[in-house]
Amino acid sequence: MALGFFNTYSRALEEFSPRDPPNVSIYTCGPTVYSNAHIGNFRAYIFEDLLQRHLETRGFKVHRVMNITDVDDKTIRGAREAKISLTDFTEPFKRRFFEDLETLRIKPANEYPGATEPRYLARMIEMIAELIKSDLAYQAEDKSVYFRINKFPNYGKLAHLNLEELRPTGRVRSDEYEKENIGDFALWKAWDEADGEVAWDSPWGRGRPGWHIECSAMATTLLGDQLDIHCGGVDNIFPHHEAEIAQSEGVTGKKFVRYWMHCAHLLVDNQKMSKSLGNFYTLRDVIAKGYSGREVRYALLRVHYRAPLNFTFEGMEESRQALARINKWLERLRETSGSASPEEQRAPVPNNDFQQALDDDLNISGALGVLFESIRETNRAMDANELGPAAAKAWLQWWDGINQVLALDAAETLALPPEIEALAEARRLARLAKNWQKSDELRKDLNARGWEVRDTKDGQKITRRVGPEP
RNA sequence: GGCGGGGUAGCCAAGUGGUAAGGUCGCGGUCUGCAAAACCGCUAUUCGCGGGUUCGAUUCCCGCCCCCGCCUCCA
C-alpha cells in the first residue's frame, strides 16, 4: 500500500496525506529537563527520528518542533534543593540532552521551544483568556485556572475513555477539591510557597503555566492551528494529549492534529525501568558500559515502535554483532568498487523494498530483513567473484539511500597506531617465513589490544574489533 | 473495573486464508598452516490455550489464560 501510519485517534492504519504537501508539520513532546534523559525517552525520540527520515526519503519536507519543558514541579524542586535558580538548574540537563541526541544520531528538530520563553508564556496566557471567555475554563477558589472538561464534548475521544468510569489513583492532589470536576486540569497554577522565586504575572495573579497548555501554545505558535503529525509515548495519550486537543481546539475551533502516533514503552529485563529495581539507565549509563551511540541507536531502532521493546545487554550484544556484519559488508563493497576489474557483465539489482517496508507504518523489522538479505546475496556474489566494481558501487549507493533513514554508517576506518603497525609488520614477516607459532602469538597480542586480524588472499587485514568506536 | 499494546524457535523479531522473513546464539561443512570473515547446511510439523467458520487458519470469528502499560502533569 501507499505510505500509511497507525493513527491512535482512529485506531486504524490510515494512508498518509499532509494538509499542504509536500510540507509536513510534526510536533513531538520533548523532555522535562530535571535529570539526564533515560533510554526509554530516547526510544521515543529515535522513533520520531525514523519517522522524519522516512518521510524525507519519500519526498516530504518535514518541519519538526520539539518542546523542552523547563518548568514543572520536578524542575522547581530540583532548583530549590540545589539552591540555584531554575534556569541554572535546567541548563546543564538541556545541554546534555542535545549532546545525547547527537550521540544517537538523531536529526535535530527545527525548533526547540522552551516553556519559559516569554513569547510562549504570552501565547499561553492569551489562550487561557480565550478559553475563559468561551466558558471552557474557570478560575477556582485556589486562584488556579482549570479547563472545564464537561464543556468540551470530545474530551476523552483520543484515549477512548469513558470519563464517568475514571478511577482515582491517589495521584490526585488532595488540595484539588477546588475543581468543579475531578478531571478538570490546570491551565494556570497559582503560585504557592513551594514555587519560591518561580512565578510569572497573569490576569489571574502570579503563577505558572500548567504542563498541557505549554504544548498547545508552542505547537500552534510554530506550526499553526493544525498539525499533520503529533507524536509521543503511549503514556502521553491520557491526559496530556487529550488536554492538548481540548485546549487547542477550544481556542481555534479547528481539528488540531491529523495523525496521532504513539510509541510503546521500553522495558528493561521485562519490567518498567525504576531506580529501586536497579534497571534504570540513562544513555550515559549505557555508553559507560562500553557501547557506542550507534549501537544503542540500533538496539532502540530495531523493534517496531508500537511493540514494547525489552532492553537487555544481551540485546546490545546482538546489535553489536549485527552492526559488525554491516561494517564488514560495506568494507568489502568499498574494496570491490575500487578494484580495477574489467567492466560489468551484469546489471546491478538494488531495489526499493526497504523503503516499501517502511511505508507500512514504519515496519523496521521488515526493512532490516531486506537489508540483511541483500547483504547475504551480495556477499555470496562477491565470494563467487561475480560482483564487479560497477555493481559494488550500485550497492553502495543503495546503502546510502537506506542509510539516510538508518543513520548507521560506520566510522571511517582509522589509520593504524604506530605500535599496531609495528606488530602487524612483524607478523607479516613471520608469516613470510612460515613461522606460524610467532604469527599466532602476534595475532593474539593484536587481539588483546583490541584489533582483529584476518588473513586474506591479499595479505592480512587489521581492523578494530567490534565494540565501541574509538 | 474501564481502555490500549503484546504473546511466533535459546534469545530478539517480520509475516500471510494455502502451508513460517531476518538478526543473534549453537552445531556441522567449504575456505584457511590454524584462525577470522564470508558462504552452505542443520536448529518452530508449528505460531499462548480451547472451540468455530473454511477444502485449508498462525492469519477470520467466539471464549479463556498470561505479560506490559494508561486511568489526571512518566517517552
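To find a chain, count down the sequence lines: A is the first, B the second, and so on, and within it residues start at 1.
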Below 3.5 Å between N/O atoms, which protein atoms pair up with nucleotides 66-69 of chain B? Just atom names and distances, please.
none

Stem finding on RNA chain B, please: runs of three or more consecutive Watson-Crick or G-U wobble pairs, both distances under 3.5 Å, sorted by first number. B:1-7 with B:65-71, B:10-12 with B:22-24, B:26-30 with B:38-42, B:48-52 with B:60-64
Hydrogens and angles aside, do A:W395 and A:S374 bring a side-chain donor and acceptor to less than 3.5 Å of each other? no
Given RNA chain B, 5'-ward residue of the pair A:A367 and A:R332, judged by closest heavy atom: A:A367
Take nucleotides 23-34 of chain B nucleotide by nucleotide from the 5' end and write B, S or -, depending on whether a protein heavy atom sits under 4.0 Å from the base, only from the sugar-phosphate, or from neither. BSS-------BB
When you check the side-chain N and O atoms of A:T32 and A:D72, is any donor under 3.5 Å from an acceptor? no
Hey, are A:D361 and A:Y305 close enough side-chain-wise for a donor-acceptor pair under 3.5 Å? yes
With a 4.0 Å cut-off, would you call A:D73 and A:R77 a salt bridge? no
Among B:rC3, B:rA36, B:rG15, which is the nearest nucleotide to the side chain of A:E452? B:rA36
Determine whether the side chains of A:R148 and A:N181 contain a donor N or O and an acceptor N or O closer than 3.5 Å. no
Could you tell me if A:E317 and A:Y291 have a donor-acceptor pair between their side chains, going purely by distance under 3.5 Å? yes
So which one's nearest nucleotide on RNA chain B is more toward 5', A:N363 or A:G30? A:N363
Is the ring pair A:F185/A:Y155 parallel, tilted or perpendicular, if the boundaries are 30 and 60 degrees? parallel
Evaluate the ring planes of A:H240 and A:H212, with Trp represented by its six-membered ring, and classify them as parallel (under 30°), tilted (30 to 60°) or perpendicular (over 60°). tilted
